[in-house]
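Working notes, beginning with the structure itself.
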2 protein chains.
Amino acid sequence: MIHSIPEPAIKRLSALYQLLCRLEKSGVQAISSKEIGERLDISAHTVRKDISYLREAQISGARYTVQKLKELIGRSLKFTTSRKACVVGLGKIGAAILNYSRFGGYGFDIVAGFDSNVNIVETLNADMDLFPSYMIPEVVTDRSIELAVLAVPADAAQLCADRLVKGGIKGIVNFSSALLTIDKKIAVSDVDVTKELRVLSAMISLADR
Amino acid sequence: MIHSIPEPAIKRLSALYQLLCRLEKSGVQAISSKEIGERLDISAHTVRKDISYLREAQISGARYTVQKLKELIGRSLKFTTSRKACVVGLGKIGAAILNYSRFGGYGFDIVAGFDSNVNIVETLNADMDLFPSYMIPEVVTDRSIELAVLAVPADAAQLCADRLVKGGIKGIVNFSSALLTIDKKIAVSDVDVTKELRVLSAMISLADR
DNA sequence: TCACAAATGTGAAAAAAATAACAGCTTAAG
DNA sequence: CTTAAGCTGTTATTTTTTTCACATTTGTGA
Ligand SMILES: NC(=O)c1ccc[n+]([C@@H]2O[C@H](COP(=O)([O-])OP(=O)(O)OC[C@H]3O[C@@H](n4cnc5c(N)ncnc54)[C@H](O)[C@@H]3O)[C@@H](O)[C@H]2O)c1
Ligand SMILES: NC(=O)c1ccc[n+]([C@@H]2O[C@H](COP(=O)([O-])OP(=O)(O)OC[C@H]3O[C@@H](n4cnc5c(N)ncnc54)[C@H](O)[C@@H]3O)[C@@H](O)[C@H]2O)c1
């Protein structure tokens, strides 16, 4: 059964999937757990254990076939079907992400952008449709958007998150430093540069005691 | 002794520090572990446990004094002294971070920017000095820069990281999807939006089985 | 064909982290 | 002053995650 893969394992398997995509493109046919471990900076034990959570053994004894392993992980973690995403807040960060062209190649399709500033909505040059912020619930529902990147100022984050939830969003990448109060069923990933810097700073301090 | 605080605890304490800064500004004097837990979405047990790693008890029985707790964490994790940082790669993401004005208030001082494109170095409008990429080692050393935000294309990331290391950098926030091969002593935090989306995608899939 | 070096898959052991339990202190109200 | 409710600090317990060990399988060269 596939339920209850430890969350750290899910993260490592996601990274492994990306590695396998790259290896496949560059024509590599097979790879061992040891080599994977070196690339991802984790132990070979962990690599094999993570793969074993997927409960679908490949041929034991032989190195992993890149293509087959990629398919196995993709199927298990549902990376196969492309998911629709949107960007909320089209300032510096939001606009950069909106126009980042490489998401498509990885199975994400940014189909809408939102901002409260009508001027931005009307003038920003983008390949997808842009809407004013109040239309979030409607558009998210109508277009079956599952993921959102939230790049608004901290004090607007909760309001926008609520609108996304109303529209039925399933996951949010939150760039603001606001801590969202949100239904547990919705997956949230916080990307706070200030916090990252602070954690690094602490680790540096504690490292050299 | 302060050594060996679990890494998850360091991250939570960093978040707590930020919360305490905000509370102090808005004039809150005291707060309980229960309230902290609600704000940070962790249990009150965990909050108290994390604080106990710092081995410097406040008055037991009374709620935490915001200011004192902030000072304790700041002193223990060395958030008190401001650290110098730089940005490498002044494209969309890099330029946004370079001009983000709020880092100063949190103890980070962005004192330099680097790009291989001389045109950008010369024309970009910024408050700090900008340099061509080959000068990274020299400038990092001379100005005692400890932290770097790396926002270059994936295929340039390793080269830039090596230059930063040569200059004596201590921590890197890496926005590219490249996996850096780097001395264990240097703290690295990867911020890969594509990977975040993928992890969210996996969690969504596994949640509704 | 056979032997052997090199892999994998997984149950078991160890380590790490989260959670709980509770003794003892604090504050506030009567 | 006394009591009761509420809170912290820390030890104990449980759960989660990582690491290990090894039986078993593959591919290769003589
Ligand atoms: N923009 C996004 O939404 C997004 C999303 C996911 C990941 N990323 C990643 O973040 C990184 C930055 O993204 P971006 O959109 O800002 O890219 P960008 O192309 O706008 O900017 C990259 C900058 O790096 C500079 N550069 C190239 N080689 C360099 C070198 N050797 N030394 C110094 N500078 C160099 C370029 O001149 C350019 O200014 C990339 O790795 C990208 O893949 C971006
Ligand atoms: N730029 C950085 O380097 C940086 C660093 C750390 C954190 N952040 C955080 O990331 C977030 C985005 O940063 P940015 O630099 O792109 O900010 P920005 O100010 O450039 O853009 C914010 C955008 O959000 C829009 N907005 C405001 N309220 C809105 C609402 N209710 N609905 C929809 N859109 C709304 C604004 O019109 C603006 O276009 C902020 O929370 C910021 O604090 C940014």
Notebook entry, point to check: Whole Å only: how far is the CG atom of B:Leu54 from the C1' atom of D:dG9?
Noted result: 12 Å
Margin query: Counting only side-chain heavy atoms from C-beta out, which of C:dG9, C:dA17, D:dG9 sits nearest to B:Pro8?
Written below: C:dA17
Next item on the list: Could you tell me the separation between the CG atom of A:Leu69 and the C1' atom of C:dT8, rounded to a whole number of Å?
Entry: 12 Å
Mind listing the N/O atom pairs, protein and nucleotides 19-22 of chain D, below 3.5 Å?
residue: D:dT19; atom: OP2; partner: A:Thr46; partner atom: OG1; Å: 3.1

Next item on the list: Please say whether more than 12 non-hydrogen atoms of neighbouring residues, nucleotides or ligands are located less than 6.0 Å from CD in B:Glu38.
Entry: yes
Check: Has A:Tyr64 got a side-chain N or O lying under 4.0 Å from the OP1 or OP2 atom of C:dG9?
Finding: yes
Next item on the list: Send over the distance from A:Asp41 CG to D:dT18 C1', rounded to a whole Å.
Entry: 15 Å
Notebook entry, point to check: Rounded to the Å, how far apart are A:Leu16 CG and C:dT8 P?
Noted result: 12 Å
Notebook entry, point to check: Is there a donor on the side chain of A:Ser60 or the base of C:dT8 sitting less than 3.5 Å from an acceptor on the other?
Noted result: yes
Notebook entry, point to check: What's the CD1-C1' distance between A:Ile5 and D:dT17, to the nearest Å?
Noted result: 14 Å
Notebook entry, point to check: In this structure, are over 12 heavy atoms from other groups packed under 6.0 Å from A:Arg39 atom CZ?
Noted result: no
Next item on the list: Evaluate whether atom NZ of B:Lys92 has more than 12 neighbouring non-hydrogen atoms of other residues, nucleotides or ligands under 6.0 angstrom away.
Entry: yes
Checklist line | Selection residues 146-156 of chain A - residue pairs positive for side chain to side chain donor-acceptor pair (under 3.5 Å), sequence neighbours left out | finding: A:Arg83-A:Glu146, A:Glu146-A:Lys170
Checklist line | N/O (side chain, A:Arg12) to phosphate O (OP1/OP2, D:dT18) under 4.0 Å | finding: yes
Check: Does anything in residues 94-115 of chain A pair up under side chain to side chain donor-acceptor pair (under 3.5 Å), and if so which pairs, sequence neighbours excluded?
Finding: none
Next item on the list: Counting heavy atoms from C-beta on, name the nucleotide in D:dT17, D:dG9, C:dT10 closest to the side chain of A:Ser52.
Entry: C:dT10
Notebook entry, point to check: With no hydrogens and no angle check, do the side chains of B:Ser32 and B:Arg63 hold a donor and an acceptor under 3.5 Å apart?
Noted result: no
Notebook entry, point to check: For the side chain of A:Pro6, counting heavy atoms from C-beta on, which of D:dT8, C:dT8, D:dT17 is nearest?
Noted result: D:dT17
